[in-house]
Amino acid sequence: MSDIYLDNNATTMVDPAIVAEMLPYFTEQFGNPSSMHSFGNRVGQALKKARKQVQTLLGAEHDSEIIFTSCGTESDSTAILSALRANPERKEIITSVVEHPAVLSLCEHLEKDGYTVHCLPVDNIGRIDMARYRQLLSSKVAIVSIMWANNETGTLFPVEEMAELAHAAGVMFHTDAVQAVGKIPIDLRNSKIDMLSLSGHKLHAPKGCGVLYLRRGVRFRPLLRGGHQERGRRAGTENSASIVALGKAAELAQAHLEYENTYVKAMRDRLEQGILAQVGHAFATGDVSNRLPNTCNIAFEYIEGEAILMLLNKQGIAASSGSACTSGSLEPSHVMRAMNIPYTAAHGTIRFSLSRYNTPEEIERVIAAVPPVVAKLRKMSPYWSDNGPVGESGRAFAPTYA
Amino acid sequence: MWDYSEKVKDHFYNPRNARVLEGANGVGDVGSISCGDALRLMLLVDPESEQILDAGFQTFGCGSAIASSSALTEIIKGMTLDEALRVSNQDIADYLEGLPPEKMHCSVMGREALQAAVANYRGEEWKDDHEEGALVCKCFAVDAVLIEETIRANDLRSVEEVTNYTKAGGGCSSCHEGIEEILGKVLAEKGEVFNPAAAASQPKPAPAIAATTGGGVSPFQRIKRIERVIESIRPQLRADGGDVQIVDVVDKTVYVNMTGACSGCQLASATLGGIQQRLIEDLGEFIKVVPASKQPVSLGAGG
C-alpha cells in the first residue's frame, strides 16, 4: 500500500503535467528573458503566458498587476514594507492574531522599530472581531494585512468586505491568500483588495516561486531594487522555469476549482465525520461552516499531536499538528490559543489537508487508522482512565508545573 | 521531523511500564510549562530496603516525552531510592542514545517526576526551583531565562560575555540576534542601551589557519587544529567549573574526558554537541565528539 499524503496545506506534489511544462526551461529555453536574442525572447514569451494564466486565476484586471517573487513570505514582506515606506506618516498596522508567521513575525519586528501593530482577536471558532476592526481603521493606519484563509483550520475571513471598509477609510489592504488561491474562486477585479500574496508550492507548482498581486495605481516601493525585471518592482533575474510552472499550475487549479469544491470537499467531510463518529472527546476546530474545502482540523483531547503524527506516520499517513512539540518553538499553535482551545485539546490538534490527488479509498484507510492510534495514546495519558477523562471519575490529574 | 534515535523510537512505539501501577506508594505528577506536557510516575517501594520494586508511568506528551518516561522507569527499577535520585536527566537522554536539544526538557521532566514521586513516598513536599524558558542557543541548549538571569547577575554587556558565562552563542552563532535582544531588554531595565560596538571592540579569538580542505592537512596538523579548537573552548567550560581534555583521536572520532562540573552536568551532551559543531566548522570535515568512557577499546563501554 502506498503512503497517504494529507498535508497539502504544508506543501503539494508538483503535478507531472507541470513538471513536463517547466523542464525545457532548464535546457533548451535557458535564455535570460531580458536578452536581445531569440534565446531570451522565447523565455520572455513564456513568462508573458504565465502572467496571463495567473491573472485569469485571480480575476485580475491587468496582467501587469502580477509580480513574480520567490515565495509567499517575500510577497508578504514586500507588500507590508512597501505600504510603510509609501506612507511614512502612518505608523499603525492592522492584522490578526491568527496570521501566518510570515506576517506576524514581521509585524512583531516592526513593533520594535516603533510601529503600532493591532492584532485583531478571534472568537472561539476563529472568526475575526469586525467591530474592533471598524474602530481601528483610521488615517494613522498604513496597511491592513489579513489572511484569506487560515492555514491551520481553513477558516475563511471576509477579506472582500474588510477591503471595502479599508478602502472607504483610505487605508491600503493586503491579503495573504497563500492557502486560498486555487481552492476557492477569487475575483480581484471586482474587489477593493490592493495587494495579495500567493505561493506556487501550495497549488502544485514547485517551491521557490510566488506572486504579489499589486492593483494598478496602488502606491508601491520595491523590496529589491536593481534591474528592470517585473517593471522595476522586483529586481532579480526571473526564475523562468518555475514561473512557467506556476502559470500552468494556475491554469490547472482554475480547471479543477469545481472538483475541489465538490469531490475534495466531500472527501474532507467524509473524513471528518468518519473520525468523529468513532472517537469521543474530539471536535473540529475553526469555523466549520465557512472554511476551505480541503482542510479539517480535529482536536483529540488528552493526547498530544506529535505522538499521534508519529503513530500515523508509521502507517504511512502524513498529516500535521498544532502541538507545541512539532513547532520547534515548544509553544502550542498560536491559532489554537487565539481561539481559547484548552491546552489539553490544543496539544492534540491534527490537521488533515487534502488535494485533488487523494482518493476515497485513502480516506477510508485513514478513518480506520485513527481510532486505534487515539486509543493507544489515551491509554498512556494521565488525563484518561478506562473510558473517559479522569476528571469525570472524580480523581482529576493536576500536575505541578515547572 | 525530529531526528530521533532508534532507541527513542523503540521506547515510543513500544513503551515499557506504561500502565497504572496498582498499589503504588510513591506518585509524582509533574508538567512542563514550556511545552504543556505532563507525566505521572508511580513507584512501588519496599519499605524495608527502600528498593524500587516496580515502576509505571502515564504521559501526556510527545514522542520523546513518552520515550523518556519509559526509559526512566527501566533505569530505576531495582534501584534504591537514593540510587534513583542520583539518576540525572542526562542519564535518561544517554539511555535513549541522545535527544534533540529542543527535547532535552522531556528528560528534565522525567527527573522531576522522580524527585516528586520520592518526595511523595517520604511524605515530603516537592517544590521545583527550575524555571524554563524558550530555547535560544540550540548548540548548547541554553534557554532565555538562564541567559537573562546570568546577564542580570553578572552585569554582562556583550554577546561574547554571554557566551563566556553561559556558552550560549558559542557554536553556530545564529542565535546572536536573540542574545542581543535579551541584552537590550535587561540593559533597558537599568536605563542603559545595548551597544553592539562595545561588543565588537573585544578582541576576537585568533582566526584558525586559513580553511583548507580536510584532505590537504597532514594528520599532525589536523590533531594540532583539533587541540586548538578544544583549547579555545576550555575557558568557557572552566568558567562553569568544568573542563574537557582530548583522550584520543581515531579517524573522525574525538574522544574526550569531561571533568569537574561538566562530568555531572545535565547539559554535558549538549556541550559535546557544541564542541563537535565548532570542530566541524573549523576543520571542514565531519567530526564526532564522544566521551572517552564510550571508547570501544575500553571494555567498559556501555550502551
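Letters go in sequence order (proteins before strands), and every chain restarts at 1.
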| message | At a 4.5 Å cut-off on heavy atoms, which part of B:P100 comes close to chain A: side chain, backbone, both, or neither? | response |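 Looking at B:P100, nothing touches chain A.
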| query | Does any heavy atom of chain A fall under 4.5 Å from the side chain of B:S69, the backbone, both, or neither of them? | reply |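 Contact with chain A is absent: no heavy atom of B:S69 under 4.5 Å.
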| A:C119 and A:L104, any side-chain heavy atoms less than 4.5 Å apart |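 Yes; the side chains approach each other to less than 4.5 Å.
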| query | If you count heavy-atom pairs under 4.5 Å with chain B, which of A:K379, A:K112, A:R378 comes out on top? | reply |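 Looking at each of A:K379, A:K112, A:R378 in turn, A:K112 comes out on top.
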| said: Is it the case that the side chains of A:N294 and A:N9 hold a donor-acceptor pair, with the cut-off being a distance below 3.5 Å and no angle test? | reply: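 Side chains of A:N9 and A:N294: pair found under 3.5 Å.
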| query | A:T155 and A:N150: side-chain donor and acceptor closer than 3.5 Å? | reply |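 No, A:N150 and A:T155 have no side-chain donor paired with an acceptor closer than 3.5 Å.
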| field | Under 4.5 Å from any heavy atom of chain B - which part of A:K376 | value |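 Interface part for A:K376: side chain.
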| query | Are B:R16 and B:D10 close enough for a salt bridge, meaning some N to O gap below 4.0 Å? | reply |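 Salt bridge present between B:R16 and B:D10.
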